[in-house]
Structure formats: C-alpha cells, structure tokens
Amino acid sequence: MPERSPPSAVLMQFAKWPEAGRVKTRLMPELGAGGALQAHITLTLAVLDNLCATGYPVQFWWDRALEPAPEDAELILQNLEQAGLEQCIQQGGTLGDRMLAALTAALQNHDRAMVVGSDCPSVDPQYVRQALDRLADHDVVLGPSDDGGYVLIGARRVRPGMLDGIAWGTEQVLDQTLARLDQLGLSVGLLEPRWDVDEPADWARFQRLAGS
C-alpha cells in the first residue's frame, strides 16, 4: 500500500496552568486573583472551542508540567479529555523558545503548524483557515494583534533562532519578529489585525461580544 501522507495541519493552543495569582495578572487589580483566574478559564475554553470548530487536529500545550490539578482546572481538563486532545508541555526558557520548539516538533509530522494563545478569542475558525491558506505561499504567517504583538503564528518552515531577541510583552514584538524572520530569509504572510485580552477593557469587550 502507498504510504499515507501526513495530516495537512495541526493547531496548538498554548495555555498557562490555571492557578490564582499567576494568570491574567493585569486583570487582577479589577477582578482580584480569583476573578482573573475565572477569566483565564473562560478565555481558554473559548479559544479551544474556536480551534476545535476548524476541523483540524488540535493539541493543548501547558506551560508547566502537569501536577495534581487545582479544582479550578477541572473544567479545562474535562473538556480536553472529552475531546480526546493530546496534552503537551511547552519546552524552553522564553516564549519564543517554547513556540519554536512546538512548531519544530509539529512540522516533523505535519505540513503546517500553528500556535494560538489562550487569550485570543478573536481567532475564530475562519481566521485560522485564512492563516493556513497563507502558508501555501509563505514560510510563516502572523496574525497581528492591536497591542503590537500577534494572536497566532503559523509555519511550514522554521529556522533555529527565528524567534530569538524578541522583547515579549512589548509593543515591539511584531516588528522585531518580522525583522528577525526577514534576516533569516523566511517569507511572511500577514493577516488583518485582531485583538487579545490583557487589560480590563479587553475583558469587557470580550464579555460584551460574548453576550455575558
């Protein structure tokens, strides 16, 4: 029999392990540690729903080794188990290291791979499909965010160090990433900007759009 071709794409959702005081810290002055944790859980599940609705394989990547789960994590874990999704652990010192390691691993078995953060509910199924389509003609695709970063990164080809030297969490993230990718000779497709949830105004926007 002919050898089966690899799946065309895999989507990887990055998420922090849900503990009060270490997630959505910029929401804590308004919501408190417990409220920020609940916001994190709500956003994580919203992004998970969007990714699963694309029809592509989805992996869930935690930022730390799985431990005895706090009660607040159970809802996410139940959804992952019900969907039968593979859970992985991010590897690397910086966000760039972790995303590159995940993309590199995924591209060993898939033609295209994409990382989406758990605070990016604006990344709907159509936006994901647009990003994957752009990878037909580009090595890397980025979905810019309104705050100067990006809500997703996808790739069909990666290079070592391609996300080095980025000032994560600043307004320079997108520009620095574009400069780094250009330096390494990787072609980039840019999508239209979307928004993520970092500040209280972002959370209010999400609630308004979600009808909460």
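Values in this document were obtained by computation on a predicted structure and should not be read as measured data.
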Problem set entry | 4.5 Å side-chain heavy-atom contact, Ile41 and Val23 | no

Problem set entry | Atom pair CG (Leu152) and CD (Gln130), whose distance is rounded to the nearest 0.5 Å | 10.0 Å

Exercise. Around Glu199, counting heavy atoms of other residues, nucleotides and ligands shown, do more than 12 lie under 6.0 Å from its CD?
Worked result: yes

Problem set entry | Gap separating the OG1 atom of Thr170 from the CG atom of Asp175, nearest 0.5 angstrom | 9.5 Å

Problem set entry | Donor-acceptor contact present, side-chain Asp97 to main-chain Thr94, <3.5 Å | yes

Exercise. Taking Ile153 as the fixed residue, which of Val140, Leu100, Leu181 is the one that meets the side chain to side chain contact (heavy atoms under 4.5 Å, CB included) rule?
Worked result: Val140

Problem set entry | Under 3.5 Å donor-acceptor, Arg112 side chain and Gly154 backbone | no

Problem set entry | Residue pair Thr25 / His40, side-chain heavy-atom distance below 4.5 Å | no

For this session: Check the hydrophobic clustering (I, L, V, M, F, W, Y; side-chain heavy atoms under 4.5 Å; chains of links allowed) and say if Leu132 and Leu48 are grouped together.
Result: yes

For this session: List the atom of Glu30, the atom of Pro200, and the distance in Å for their closest heavy-atom pair.
Result: OE1-CB, 3.3 Å

Exercise. What are the two closest non-hydrogen atoms of Pro18 and Ala73, and how far apart are they?
Worked result: CG-CB, 3.4 Å

Exercise. Do Asp196 and Asp146 come within less than 4.5 Å of each other through their side chains, counting heavy atoms only?
Worked result: no

Problem set entry | More than 12 heavy atoms from other groups under 6.0 Å of CD on Glu171 | no

Exercise. Where the side chain of Gln176 meets the backbone of Ala167, is there a donor-acceptor pair that is under 3.5 Å apart?
Worked result: yes

Exercise. Is there side-chain contact between Leu80 and Gln78, with heavy atoms separated by less than 4.5 Å?
Worked result: no

For this session: Show the numbers, then the answer: is there a side-chain hydrogen bond (donor to acceptor under 3.5 Å, both in side chains) between Arg180 and Gln183?
Result: CA-CA 5 Å; Arg180 181 65 176 157; Gln183 182 183 24; 2.8 Å; yes

Exercise. Distance-only, no hydrogens or angles: does the Gln13 side chain make a donor-acceptor pair with backbone N or O of Phe60 under 3.5 Å?
Worked result: no

Exercise. Mind checking whether Leu75 and Leu77 sit in one hydrophobic cluster, side chains of I, L, V, M, F, W, Y counted as touching below 4.5 Å?
Worked result: yes

For this session: Under the ring pair (Phe, Tyr, Trp, His ring centres under 6.0 Å) rule, collect the residues that match up with Trp17, sequence neighbours excluded.
Result: Trp62

Problem set entry | Beyond-backbone contact of Leu142 with Leu174, side-chain heavy atoms, under 4.5 angstrom | yes

Exercise. Can you tell me how far CG of Leu95 sits from CG of Asp63, rounded to the nearest 0.5 angstrom?
Worked result: 10.0 Å

Exercise. Do you reckon Leu107 sits in the same ILVMFWY cluster as Leu135, going by side-chain contacts under 4.5 Å, direct or chained?
Worked result: no

For this session: Run the salt-bridge test on Arg159 and Asp139 with the 4.0 Å N-O cut-off and return the result as yes or no.
Result: no

Seminar exercise, completed: Rounded to the nearest 0.5 angstrom, the CG-CG distance for Asn50 and Leu11 is 11.0 Å

For this session: Find the distance between OG1 (Thr104) and CD (Gln91) and round it off to the nearest 0.5 Å.
Result: 12.5 Å

For this session: Would you check, one step at a time, whether the test side-chain contact (heavy atoms from CB on, under 4.5 Å) holds for Val123 with Val47?
Result: CA-CA 7 Å; Val123 178; Val47 172; 6.0 Å; no

Problem set entry | Ser118 side chain vs Phe14 backbone, donor-acceptor pair below 3.5 Å | yes

Exercise. Looking at Ser8 and Asp111, what are the two nearest heavy atoms and their distance?
Worked result: O-CB, 3.5 Å

For this session: Answer with yes or no whether the hydrophobic clustering places Val158 together with Val115; edges join I, L, V, M, F, W, Y residues whose side-chain heavy atoms lie under 4.5 Å apart.
Result: yes

For this session: May I ask you to say whether Asp198 pairs ionically with Arg26, meaning some side-chain N is under 4.0 Å from a carboxylate O?
Result: yes

Problem set entry | For the student: nearest non-hydrogen atoms of Ala9 and Pro57, plus distance | O-CD, 3.3 Å

Exercise. Does the side chain of Val116 come within less than 4.5 Å of Val151's, by heavy atoms?
Worked result: no

Exercise. Within the distance-only criterion (no hydrogens, no angle test), does the side chain of Arg134 pair as donor or acceptor with the backbone N or O of Val141 below 3.5 angstrom?
Worked result: no

For this session: Starting from the C-alpha separation in whole Å, work towards a yes-or-no answer on side-chain contact (heavy atoms from CB on, under 4.5 Å) for Arg157 and Met162.
Result: CA-CA 11 Å; Arg157 186 164 72 99; Met162 75 180 207; over 6 Å; no

For this session: Determine the minimum heavy-atom distance between Ala39 and Leu31, stating which atoms define it.
Result: CB-CD1, 4.2 Å

For this session: Apply the test side-chain hydrogen bond (donor to acceptor under 3.5 Å, both in side chains) to residues Ser122 and Tyr127: give CA-CA distance (whole Å), side-chain angles for both, the deciding distance (0.1 Å), then the verdict.
Result: CA-CA 8 Å; Ser122 63; Tyr127 196 72; over 6 Å; no

Problem set entry | Side-chain (Arg156) to main-chain (His138) donor-acceptor, under 3.5 angstrom | yes

Exercise. Side-chain heavy atoms under 4.5 angstrom apart, residues restricted to Ile, Leu, Val, Met, Phe, Trp, Tyr: same cluster for Leu103 and Val188?
Worked result: yes

Exercise. Of the non-hydrogen atoms in Ser187 and Asp137, which two are nearest, and what is the gap between them?
Worked result: OG-O, 4.2 Å

Problem set entry | Carboxylate-amine/guanidinium proximity below 4.0 Å for Asp119 and Lys24 | yes

Problem set entry | Nearest-0.5 Å distance, CD1 of residue Ile89 to CH2 of residue Trp61 | 9.0 Å

Problem set entry | Heavy-atom side-chain proximity of Asn109 to Val10 below 4.5 angstrom | no

Exercise. Just wondering, do Met114 and Met12 contact through their side chains at under 4.5 Å, heavy atoms?
Worked result: no

